[in-house]
Amino acid sequence: MDFNVNSDFQLNLLWKKRGTEIIVATLPSQVKGRSLFIHHTDLRCLRPHLWLTGEIIQGLLHLSAFTYNVVDTIYLMDYYTAGVLLFGDRATTRRHTLPKVNFDNFDGILSFVHVNKNHWNMLYIHAKSGTVYQMDPSPASSELEDSTHAAQRLQEYLKIRKHQGKTDWVDVKWKGGVMPHPVQMDGCSCGVIVVEMARAVMEAFPEFPKMNFSTKRRAMEEARRDMALQVLESSVFDEETCSMCGADKPPGQAPPVTDWIQCDNCDRWFHNLCVNMDQNKLKELKKRQWLCVLCR
Ligand SMILES: [Zn+2]
Ligand SMILES: [Zn+2]
């Protein structure tokens with residue numbers, strides 16, 4: 001079975017199966033040469049009424065940046081760093097200042113952060129107007145306060161970077177802003193709405209977006225399915241890498257010879273070590289049919 005064709009069929013299968021840690025999609029990212037791995041469990045969280053993982057939101061944001069052609073204009077900050085920027089203590093912040101990134105090469109930053117328990121907000125930094133938006137899908141939000149706080153934190157973040165010799169964006173006076181957007185009508189789709197808001201931002205960039213997507217139950221379900229299909233269809237299948245660890249060499253202390261085994265159903269490749277298979281078992285199984293955990 002070739003899993004690049006008929007992604008609809010493939011998606012139904014992947015959603016039905018109990019979650020595994022297999023990499024089901026390898027997505028291109030803004031950083032050349034660094035792919036993003038989407039695991040089976042990440043893809044499954046797009047099913048209706050589930051909370052999205054950071055990995056799936058991140059993957060979708062990078063895909064959208066290619067769709068809307070903003071890969072070179074909007075910096076997609078990873079959500080861990082965005083969390084440190086907004087909420088980290090000084091010591092942690094000093095360790096996450098992105099020394100290799102020059103913000104002057106970009107006109108904005110898009111990211112998302114984890115707030116409270118299991119809730120996603122979008123973070124949007126518009127450099128030209130010096131405005132920071134922390135956008136909360138929840139109807140009961142305090143966006144002006146949140147955005148103002150985020151703007152102060154950004155100013156401090158850039159000051160810390162300045163101490164480390166980076167002077168990009170330090171002369172901008174940042175302020176918090178709000179913009180209208182649809183709000184969530186259920187308790188689980190904050191991540192889906194963050195992706196939709198981010199897409200609207202990218203599509204309109206550098207102008208301000210009009211956000212008028214629906215957040216009704218049916219629309220959210222459709223959006224989730226479309227997103228999952230987009231992930232599967234955008235996957236760049238790489239035969240050189242292991243579908244369990246995502247690397248060409250197995251992790252940890254590797255033996256001098258790396259052995260591989262291929263699933264006879266889906267054609268994915270695995271390091272024998274990554275599927276807990278020793279040399280003897282591998283030899284034995286190579287003579288017979290072998291199915292990966294996804295296809296068993
Ligand atoms: Zn591996
Ligand atoms: Zn398989």
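Note that ligands are numbered from 1 as they come in the structure, with each ligand's atoms numbered from 1 the same way.
The ring of His96 has its center closer than 6.0 angstrom to the ring center of Tyr80.
No donor-acceptor pair under 3.5 Å is formed between the side chain of Arg225 and the backbone N or O of Met220.
We find that Glu222 and Arg218 are joined by a salt bridge, their nearest charged nitrogen and carboxylate oxygen being less than 4.0 Å apart.
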Test log, rule ring pair (Phe, Tyr, Trp, His ring centres under 6.0 Å), inputs Phe106 and Trp169 | CA-CA 10 Å; Phe106 297 95; Trp169 282 9; 8.1 Å; no

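Taking the six-membered ring where the residue is Trp, Tyr75 and Phe103 present perpendicular rings, their angle passing 60° and hence far from 30°.
Within a radius of less than 2.8 Å around the Zn ion (ligand 1), the protein N, O or S atoms are Cys242 SG, Cys245 SG, His271 ND1, Cys274 SG.
With sequence neighbours left out, the salt bridge (charged side-chain N to carboxylate O under 4.0 Å, His left out) criterion links Arg217 to Glu221.
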